[in-house]
Engineer: 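The structure follows.
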Amino acid sequence: MNEENLSLERLQKRIAASGICSRRAAEKLIEDGKVTVNGSVITELGTKVSPEDVIAVNGKTLNIAKKHYLVMNKPKGYITTLSDPQNRQNVSMLLPDMGHQLKPIGRLDKDTEGVLLFTNDGDLINKLLHPSYHVEKEYLATVEGCIQPKSIKKLESGLFIEGRKTKPAKVNVKHVDKDNNISTILITISEGRKHQVKIMCQMVGHFVKHLKRTRFGSIQLDKLKPGMCRLLTKPEVEKLKNPKLISTIIK
Ligand code: URA
């Protein structure tokens with residue numbers, strides 16, 4: 001399914017989501033010829049509409065879709081997609097029904113857990129994922145081997161992935177377990193390249209055994225249990241929208 005298809009939804013669902021009536025009642029309104037989309041009467045129940053379409057019921061234009069913002073603690077084993085032809089476990093199965101199709105802001109690997117934001121605010125998604133907008137993402141990584149200052153320096157100053165140097169990162173060593181030959185590090189990056197943390201760690205000789213995103217911008221994982229979601233508060237949404245309010249450890 002492409003990005004455009006994802007934002008399409010059934011007309012009756014959109015009408016119901018505006019809060020004026022139930023989905024069943026919306027279907028009746030459509031069949032009775034009371035609904036227009038961009039000025040044309042629509043009586044076909046399967047009609048799909050995009051967020052840009054102007055919908056009117058009995059001549060009255062519906063309010064623009066309410067914006068929803070939530071954070072999920074994505075569990076391991078779920079893929080970051082909203083539909084899967086093979087019906088594998090995916091994050092849409094964990095989302096509450098908000099009456100609108102919420103999309104993930106970026107993605108996490110199947111075996112990565114932690115903070116994954118969702119919204120139907122396309123402007124915010126585009127903004128946060130734009131390469132010029134360096135949102136910090138913090139990961140707790142358990143890696144093989146006892147990490148040395150030399151490796152930390154390399155991770156922090158940047159490594160070449162597919163010919164492009166990674167932006168400066170910040171690494172805090174949380175624990176080095178010499179007996180079991182593993183280290184736990186908190187790594188903060190400001191890009192979202194595919195498998196970035198795993199590749200960076202692998203490049204300095206440390207295979208990532210376990211990865212958890214603990215923060216995206218100003219949104220922390222806190223006590224959210226794996227598989228659970230919570231709505232963001234208004235101040236949290238404002239902070240995400242306003243780059244000046246997002247702390248910048250990385251310059
Ligand atoms: N880096 C990775 O390697 N995997 C993720 O899921 C996120 C960041």
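Each ligand, and each atom within it, is numbered from 1 in the order the structure gives. What you see below is based on every heavy atom in this structure, not just the backbone, and it leaves out hydrogens, waters and symmetry mates.
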Engineer: Does any donor atom in the side chain of Asn180 or Asp177 lie under 3.5 Å from an acceptor atom in the other side chain?
Structural biologist: yes

Engineer: Under a 3.5 Å cutoff, is there a donor and acceptor pairing between the side chains of Glu136 and Ser190?
Structural biologist: no

Engineer: Is the closest N or O pair between Tyr139 and ligand 1 shorter than 3.5 Å?
Structural biologist: no

Engineer: Among all protein heavy atoms, pick the one closest to atom 1 (N) of ligand 1 and tell me residue, atom and distance.
Structural biologist: Val197 N, 3.2 Å

Engineer: Taking salt bridge (charged side-chain N to carboxylate O under 4.0 Å, His left out) as the cut-off, I'd like each qualifying pair that reaches into residues 185-206, sequence neighbours left out, listed once.
Structural biologist: Asp109-Lys198, Asp111-Lys198, Glu191-Arg193

Engineer: For ligand 1, which atoms sit closer than 4.0 Å to a heavy atom of Gln196?
Structural biologist: 1 (N), 2 (C), 3 (O)

Engineer: If the cut-off is 4.0 Å to any non-hydrogen atom of Leu211, which atoms of ligand 1 fall inside it?
Structural biologist: 1 (N), 2 (C), 3 (O), 4 (N), 5 (C)

Engineer: Provide the number and element of each atom of ligand 1 under 4.0 Å from a heavy atom of Thr112.
Structural biologist: 4 (N), 5 (C), 6 (O)

Engineer: Among all the protein's non-hydrogen atoms, which is closest to atom 6 (O) of ligand 1, and how far away is it?
Structural biologist: Asp109 N, 2.8 Å

Engineer: Give, for atom CD1 of Ile152 and atom CD1 of Ile187, the distance between the pair rounded to the nearest 0.5 Å.
Structural biologist: 10.0 Å

Engineer: Do Arg14 and Glu9 sit within salt-bridge range, that is, some charged N less than 4.0 Å from a carboxylate O?
Structural biologist: yes

